[in-house]
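Take a look at the structure set out below.
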Amino acid sequence: MGYCMEMKGSKFFVPTEHTGRVYAMTQGQPYDFQLDPDGNITELEFIGEKLGNDLEMFQSIAPYVQDGSYIWMIGEDGSQWRWVFQSGVCREITAKVEWPDE
């Protein structure tokens, strides 16, 4: 079993000088990275189904990911969160859904 999730969106960038290191550190993880013509990682795609050690993996590559990058996920129960990269750190931020007063 496990907890199913899907990626809803992302803004993700790793400069060329760190691309090889990030690929090596994420080998075997359920993510596919896309490169631009200069060799920068400019996109990622979640190609899995279940939550694993994703946060731990993103924390390990955070020093190489551009500030302001994020990955937006939604879980099988409707929970939403983002993994946000800032100052070499990756944090998980849970969404808070609020309905306006009628």
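- Residues forming a side-chain hydrogen bond (donor to acceptor under 3.5 Å, both in side chains) with Gln86 (at least two apart in sequence, or on another chain): Asp67.
- Side-chain atoms of Met73 and Phe46, non-hydrogen and from C-beta on, do get closer than 4.5 Å to each other.
- One finds the CE atom of Met7 at 8.0 Å from the OH atom of Tyr31 (value rounded to the nearest 0.5 Å).
- Using a 4.5 Å cut-off between side-chain heavy atoms of Ile, Leu, Val, Met, Phe, Trp and Tyr, with links allowed through other members, Tyr64 and Val89 fall into different hydrophobic clusters.
- You'll find the side chain of Leu44 stays beyond 4.5 Å of the side chain of Asp32, heavy atoms only.
- Of the possible polar contacts, none joining the Thr94 side chain to the Trp81 backbone as a donor-acceptor pair under 3.5 Å is found.
- Side-chain atoms of Ser69 never come within 3.5 Å of backbone atoms of Val65 as a donor-acceptor pair (strictly under, hydrogens ignored).
- In terms of heavy atoms, Ala62 sits closest to Cys90 at CB-N, 3.6 Å.
- Annotation: the span from Lys50 atom NZ to Cys4 atom SG amounts to 3.5 Å, rounded to 0.5 Å.
- By the rule that hydrophobic residues join a cluster once side-chain heavy atoms approach within less than 4.5 Å of another member, Ile74 and Tyr3 end up as members of separate clusters.
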Derivation and outcome, side-chain contact (heavy atoms from CB on, under 4.5 Å), residues Asn53 and Gln29: CA-CA 9 Å; Asn53 62 349; Gln29 298 295 322; 3.2 Å; yes
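- Ile41 and Val84 sit in two unconnected hydrophobic clusters of ILVMFWY residues. Membership requires side-chain heavy atoms under 4.5 Å apart, directly or through other members.
- Side chains of Asn40 and Thr16: a donor-acceptor N/O pair is present below 3.5 angstrom, by distance only.
- In this structure, CE in Met25 is found 4.0 Å from OG in Ser60, a value given to the nearest 0.5 Å.
- A perpendicular orientation is assigned to the rings of Tyr23 and Phe33, their planes being inclined by more than 60° (bins at 30° and 60°).
- With sequence neighbours left out, Glu56 forms a salt bridge (charged side-chain N to carboxylate O under 4.0 Å, His left out) with no residue at all.
- Looking at every heavy atom in both residues, Gly39 comes nearest to Thr19 through O-OG1, 2.8 Å.
- The distance from the CD atom of Glu76 to the CG atom of Leu51 is 9.5 Å, given to the nearest 0.5 Å.
- Cluster annotation: Trp72 and Met57 are assigned to distinct hydrophobic clusters (Ile/Leu/Val/Met/Phe/Trp/Tyr, side-chain heavy-atom contacts under 4.5 Å, transitive).
- Under a hydrophobic-cluster definition in which Ile, Leu, Val, Met, Phe, Trp and Tyr are linked whenever side-chain heavy atoms come within less than 4.5 Å, directly or via other members, Leu55 and Ile71 are assigned to the same cluster.
- When Tyr70, Phe58, Phe13 are each tested for a side chain to side chain contact (heavy atoms under 4.5 Å, CB included) with Phe85, only one passes: Phe58.
- Atom CD of Glu43 sits about 9.0 Å away from atom CD of Glu45, to the nearest 0.5 Å.
- Here Lys11 contributes atom NZ and Thr42 contributes atom OG1; the two are 13.0 Å apart, rounded to the nearest 0.5 Å.
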